[in-house]
Amino acid sequence: MAKVIGAVVVDAEVCKGCNLCVVSCPTQTLGLNRDVNSKGYHYSYMENPESCIGCSNCSSVCPDSCITVYRLKVE
Amino acid sequence: MSEIAERLKSIIRPENQVYKKSSVLNDVTMHYCPGCSHGVVHKLIADVIEELGIQDQTIGVSPVGCAVFAYNYIDIDWSEAAHGRAPAVATGIKRIMPEKTVFTYQGDGDLAAIGTAETMHAVNRGENIVMIFINNAIYGMTGGQMAPTTLLGQVTSTTPYGRNVDLNGYPLKITELIAQLPGAAYVTRQSVHTAGAVRKARKAIKKAFELSQKNIGTCFVEVVSTCNSGWKMTPVESNDWMVKQMFPLFPLGDLKDGGKEATEPFQMKG
Ligand SMILES: Cc1ncc(C[n+]2csc(CCOP(=O)(O)OP(=O)(O)O)c2C)c(N)n1
Ligand code: SF4
Ligand code: SF4
Ligand code: SF4
Ligand SMILES: [Mg+2]
């Protein structure tokens, strides 16, 4: 059966650490980083990169358009 | 290279890209508080303008309120109106340039308090504009004062004991009033708190922009929104509060769909 795998790239400098993407992710891929960006925000990142399915839930709810989503079908 | 890095490298390739920031959004960081609904709605408007290919034909009118700088973020032509006057400014622009797609972007203080007259009369005239109404039940920009849409019992800086009906009157459901007006073509209420809601809101905004090009009356899209700073909650708590407290009073869905009312030609005699 074909399986879908995905990945996101977060623009860490633009991210404001609002956490909306984290709670919108159905696969608990995302988390807020312990590190902060230059504005002091705990930016979002893939805490569990292997679970992403590229569904774009996170990028749709992000107010700052800082998430790019990739998705790939694998056999 | 580690296995995970290898895997990511195979996924993160241009041909696998399924979502990226709209090219109609400028490359600047928006001034909004973290988690503010304004940013999500800006993104949807930019997405729709890009999809419809109308970047050069669209003119926005920004409000007074937190969205006053909307013109810095969406890369189209803009005018900035005095507080509440966006529908009047948009009326003038659209009448002079009827081939353009013209929209206002307004908060609840702008659209439903100081600008109530402009709002009602623009829709009642059936102006061929789109109005995007961000209802966050508060004056965000000025520090969280009560708005007409503030809920009964809601604590704001001007209702420290909660909005009291005897003192402050009832929350104003202005979208329900708008839907009664014969000049309204399409009136809908949306929200942007989940991926599903965002999809629906995007569809509604797209429909409003498309209908407005047909010149069949005013298209009005309310977005029930959050102002986490004004409400003094986290963005995630704000979404939950909005669902629990705002949705019962401001239920989502279409209120009118079909174009402004047709009239019979008037005859003085007979
Ligand atoms: C004529 C005038 N009166 C009052 C103000 C102060 N003022 C600025 S923004 C605002 C209300 C903004 O609230 P809203 O429209 O709900 O926008 P939000 O910031 O919540 O998005 C007020 C009263 C003003 N700028 N001009
Ligand atoms: S694309 Fe979907 S699965 Fe991947 S991080 Fe975003 S919400 Fe989670
Ligand atoms: S939704 Fe956007 S701004 Fe908020 S934490 Fe996620 S990536 Fe950052
Ligand atoms: S004050 Fe409220 S409406 Fe204004 S940017 Fe902050 S969260 Fe958004
Ligand atoms: Mg407001």
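Keep in mind that the numbers below use all heavy atoms, side chains included, and drop hydrogens, waters and symmetry copies. Within every chain, numbering begins at 1; the chains are lettered A, B, ... in the order of the sequence lines, protein sequences first and strands thereafter.
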Where does [X] contact chain A at under 4.5 Å (heavy atoms): side chain, backbone, both or neither?
| X | result |
| --- | --- |
| B/V40 | both |
| B/N239 | side chain |
| B/I11 | both |
| B/I12 | both |

task = Against chain B, label A/V61 side chain, backbone, both or neither, depending on which of its atoms sit under 4.5 Å from a heavy atom there.
result = both
task = Could you look at A/K73 and say if it's the side chain, the backbone, both or neither that has a heavy atom under 4.5 Å from chain B?
result = neither
inquiry  = Within a 6.0 Å radius of atom CZ on B/F69, are there more than 12 heavy atoms belonging to other residues, nucleotides or ligands?
reply    = no
key: Partner chain A: residue of B/K21, B/Q17, B/H193, B/K20 with the largest heavy-atom pair count (under 4.5 Å)   = B/Q17
request  = Identify which of B/Y73, B/Y32, B/Y19 forms the greatest number of heavy-atom pairs closer than 4.5 Å to chain A.
outcome  = B/Y19
message = Over 60° means perpendicular and under 30° means parallel, so tell me whether B/Y105 and B/H42 are parallel, tilted or perpendicular.
response = perpendicular
ask   = Mind checking whether B/W241 and B/W231 have parallel, tilted or perpendicular rings, split at 30° and 60°?
value = tilted
key: Between B/Q190 and B/T188: side-chain donor-acceptor atoms closer than 3.5 Å   = yes
ask   = Judged by modelled atom types alone, do B/Q213 and B/T101 share a side-chain donor-acceptor pair under 3.5 Å?
value = yes
request  = Would you mind telling me which of A/G17, A/G54, A/S24, A/C62 has the largest number of heavy-atom pairs within less than 4.5 Å of chain B?
outcome  = A/C62
ask   = With respect to chain B, which residue among A/D11, A/L20, A/V22, A/V14 yields the maximal number of heavy-atom pairs within a distance under 4.5 Å?
value = A/L20
ask   = Can B/D257 and B/K207 be counted as an ion pair, charged N to O under 4.0 angstrom?
value = yes
ask   = Under 4.5 Å between any side-chain heavy atoms of B/T149 and B/F250, yes or no?
value = yes
